[in-house]
2 protein chains.
Amino acid sequence: MACVPEEAVNRMTRLIGDADKAECKVNKLRAITNKIDEKELDVEAEIFKAMADPCRLKILMLLREGELCVCEIMIGLERPQSTTSYQLSILKEAGLIKERKDGRWSRYRLSEGAVIEMLNLAKLMMDVKI
Amino acid sequence: MACVPEEAVNRMTRLIGDADKAECKVNKLRAITNKIDEKELDVEAEIFKAMADPCRLKILMLLREGELCVCEIMIGLERPQSTTSYQLSILKEAGLIKERKDGRWSRYRLSEGAVIEMLNLAKLMMDVKI
DNA sequence: CTTATATATCAAAATAGTTGGATATGGAAG
DNA sequence: CTTCCATATCCAACTATTTTGATATATAAG
């Protein structure tokens, strides 16, 4: 059942008693989500999605050591070339890595900015969890 | 084609010329990935995976305002109850949120720690990208 | 121009994640 | 014990992602 506002107000009224306060609370909750820009949300989700894969995390960790070309990365990953290329394209699309063409090689490096901090935070959270 | 070490060394030799240096470089790359604990990698990927969905990001943003029960979250999200519950279970499993049972209500809040910084970093990266 | 090599792209199969209605569970109130 | 309500779980349809061999593209060298 979709959550139409009327239902929401009824539900909230049962939860907190007073109907006026309930409507106010519903509006407040809706306001929080309504002011969120869906486009920005998608871009943020895309960034997390790109990091949400063990294979791609490995690539990012390899690139912490410096710029590498595809064949070096595939050696580090122990994956076929097509897989490596595909994963790199996801990371690039999300803005996490940058590409530099150099003759027949494509050299990849971490983007400037928050990628490394992100990895560090995840490690922190992982340590808390384990 | 799987990337067996011999192939890797040949490939690397073509890349940098000297066969001994090539083997050394292959070993260095392999060493970086071999010392990565696959289990930790999976946990980190799970954390990013949990954040890699617009609907779940919305939940996290709602919870920045404070503790909420499921029915409040579903009102904010404008999604059915089963969906809301499912998404909350993913976030909880990843350790991003905590649950507190209170009578027939389940109240959820952000975990202490790095969740908010993570959201802030993503926003930063998103801003750079757009 | 031909060949070799590095990388990207394609296509199809396999796998994984999401959604929401239906149903189960469990607490609170009567 | 029965009823009501909040939440969780189940299930099946749907959608998205991943994988990899095969193929295309592009650059460099002969």
Side-chain angles (χ1 to χ4, degrees), chain A residues 1-4 7-8 10-17 22 41-42 45-46 48-59 67-75 77-94 97 99-108, chain B residues 1-4 7-17 22 42 45-59 67-94 97 99-108:
Chain A
M1 133 209 61
C3 192
V4 299
E7 267 179 51
N10 292 342
R11 185 174 273 267
M12 190 63 74
T13 305
R14 286 196 300 273
L15 184 60
I16 62 180
L41 213 58
D42 287 345
E46 190 198 6
F48 287 119
K49 215 173 279 182
M51 302 186 81
D53 178 89
C55 180
R56 288 194 290 269
L57 284 177
K58 252 189 195 171
I59 292 178
E67 195 183 58
L68 294 173
C69 70
V70 179
C71 74
E72 291 170 311
I73 296 166
M74 69 180 266
I75 287 166
L77 275 189
E78 308 185 52
R79 294 266 176 201
Q81 185 266 322
S82 59
T83 300
T84 306
S85 233
Y86 167 73
Q87 301 290 21
L88 285 166
S89 75
I90 302 282
L91 290 168
K92 190 177 114 182
E93 190 61 31
I97 63 177
E99 185 188 13
R100 179 172 68 88
K101 296 278 189 192
D102 175 17
R104 59 188 133 162
W105 290 279
S106 289
R107 303 194 185 275
Y108 287 93
Chain B
M1 131 209 65
C3 193
V4 298
E7 266 179 51
V9 176
N10 292 342
R11 184 173 274 267
M12 189 64 73
T13 305
R14 285 196 300 273
L15 184 60
I16 61 180
D42 287 345
E46 191 199 7
I47 292 169
F48 286 120
K49 217 173 279 183
M51 303 186 79
D53 178 89
C55 180
R56 289 194 290 269
L57 284 177
K58 253 188 194 170
I59 293 178
E67 196 184 56
L68 295 173
C69 71
V70 179
C71 74
E72 293 171 310
I73 295 167
M74 70 182 265
I75 287 167
L77 275 190
E78 309 184 51
R79 293 266 177 203
Q81 184 266 322
S82 60
T83 300
T84 306
S85 233
Y86 167 73
Q87 302 289 21
L88 285 166
S89 75
I90 302 282
L91 290 168
K92 191 177 115 183
E93 189 61 31
I97 62 177
E99 186 189 11
R100 179 173 69 87
K101 295 277 189 194
D102 174 16
R104 58 188 133 162
W105 291 279
S106 289
R107 303 195 184 273
Y108 287 93

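- Put simply, CD1 on A:I59 and OG1 on A:T84 are 6.5 Å apart, with the number rounded to the nearest 0.5 Å.
- Following rounding to the nearest Å, B:L77 (CG) and D:dT7 (P) show an atom-to-atom distance of 13 Å.
- By the side chain to side chain contact (heavy atoms under 4.5 Å, CB included) test, A:T83 is found to be paired with A:R79, A:P80, A:Q87, residues two or more places apart in sequence or in another chain being considered.
- One interatomic measurement links the two molecules: CZ of A:R14 to C1' of D:dT3, which rounds to 14 Å at whole-angstrom precision.
- Counting only heavy atoms from C-beta on, A:R79 has its side chain closest to D:dT19 among C:dG17, D:dA6, D:dT19.
- End-to-end axis angle of the helix from C:dC1-D:dG30 to C:dG30-D:dC1, using five pairs per end and rounding to 10°, comes to 20°.
- For C:dA6, neither phosphate oxygen OP1 nor OP2 lies less than 4.0 angstrom from any side-chain nitrogen or oxygen of A:S106.
- Close to C:dA6, at under 4.0 Å from its OP1 or OP2, lies no side-chain N or O of A:Y108.
- Separation of atoms CE (A:M74) and CG (A:L77) is listed at 9.5 Å; rounding is to 0.5 Å.
- Residue A:C55 is out of contact with every strand shown, counting any heavy-atom pair closer than 4.0 Å.
- Residue-to-nucleotide contacts include no donor-acceptor pair under 3.5 Å from the side chain of B:Q81 to the base of D:dA6.
- Of the residues in residues 82-93 of chain A, those lying under 4.0 Å from DNA chain C by heavy-atom distance are A:S82, A:S85.
- In this structure, the side chain to side chain contact (heavy atoms under 4.5 Å, CB included) partners of A:Y108, at least two apart in sequence or on a different chain, are A:L63, A:V70, A:I73, A:L88, A:K92, A:I97, A:E99, A:S106.
- For the pair A:I59 CD1 and C:dT7 C1', the interatomic distance rounds to 14 Å; values are reported in whole Å.
- Within 4.0 Å of A:R56, counting heavy atoms only, lie sugar-phosphate atoms of the nucleic acid but no base atom.
- Residues B:Q81 and B:S85 meet the side-chain proximity criterion, which asks for heavy atoms closer than 4.5 Å.
- Between the CD atom of A:E46 and the C1' atom of D:dA16 there is a distance of 14 Å, given to the nearest Å.
- Heavy atoms of other residues, nucleotides or ligands lying less than 6.0 angstrom from CD of B:E67 number more than 12.
- Side chains of B:E72 and A:R11 form no contact here, defined as non-hydrogen atoms less than 4.5 Å apart.
- Atom-to-atom distance recorded for A:F48:CZ and B:L57:CG is 6.0 Å, nearest 0.5 angstrom.
- Positionally, the nearest nucleotide of DNA chain D for B:E99 lies more toward the 5' end than for the other of A:A52 and B:E99.
- Side-chain atoms of B:D53 come within 3.5 Å of backbone atoms of B:R56 as a donor-acceptor pair (strictly under, hydrogens ignored).
- The nucleotide whose nearest atom lies closest to any side-chain atom of A:K49 is, among C:dT5, C:dG20, D:dT17, D:dT17.
- Atom CD1 of residue A:I75 and atom CE of residue B:M12 lie 3.5 Å apart, to the nearest 0.5 angstrom.
- A:M74 has its CE atom 9 Å from the P atom of C:dA6, to the nearest Å.
- A search for salt bridge (Lys or Arg N to Asp or Glu O under 4.0 Å) contacts involving A:K49 returns nothing, not counting sequence neighbours.
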- [ ] Any chance you could list the contact pattern along nucleotides 25-30 of chain D? Use B for base contacts, S for sugar-phosphate-only contacts and - for none, protein heavy atoms under 4.0 Å, 5' to 3'.
- [x] --BS--

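- Proximity of A:L15 to B:W105: side-chain heavy atoms (C-beta onward) are separated by under 4.5 Å at one or more points.
- Atom CD in B:E7 sits roughly 11 Å away from atom P in D:dG21 (whole-Å rounding).
- Distance B:D53 CG to C:dG17 C1': 9 Å, rounded to the nearest Å.
- The CZ-C1' distance, from A:R107 to C:dT5, rounds to 14 Å in whole Å.
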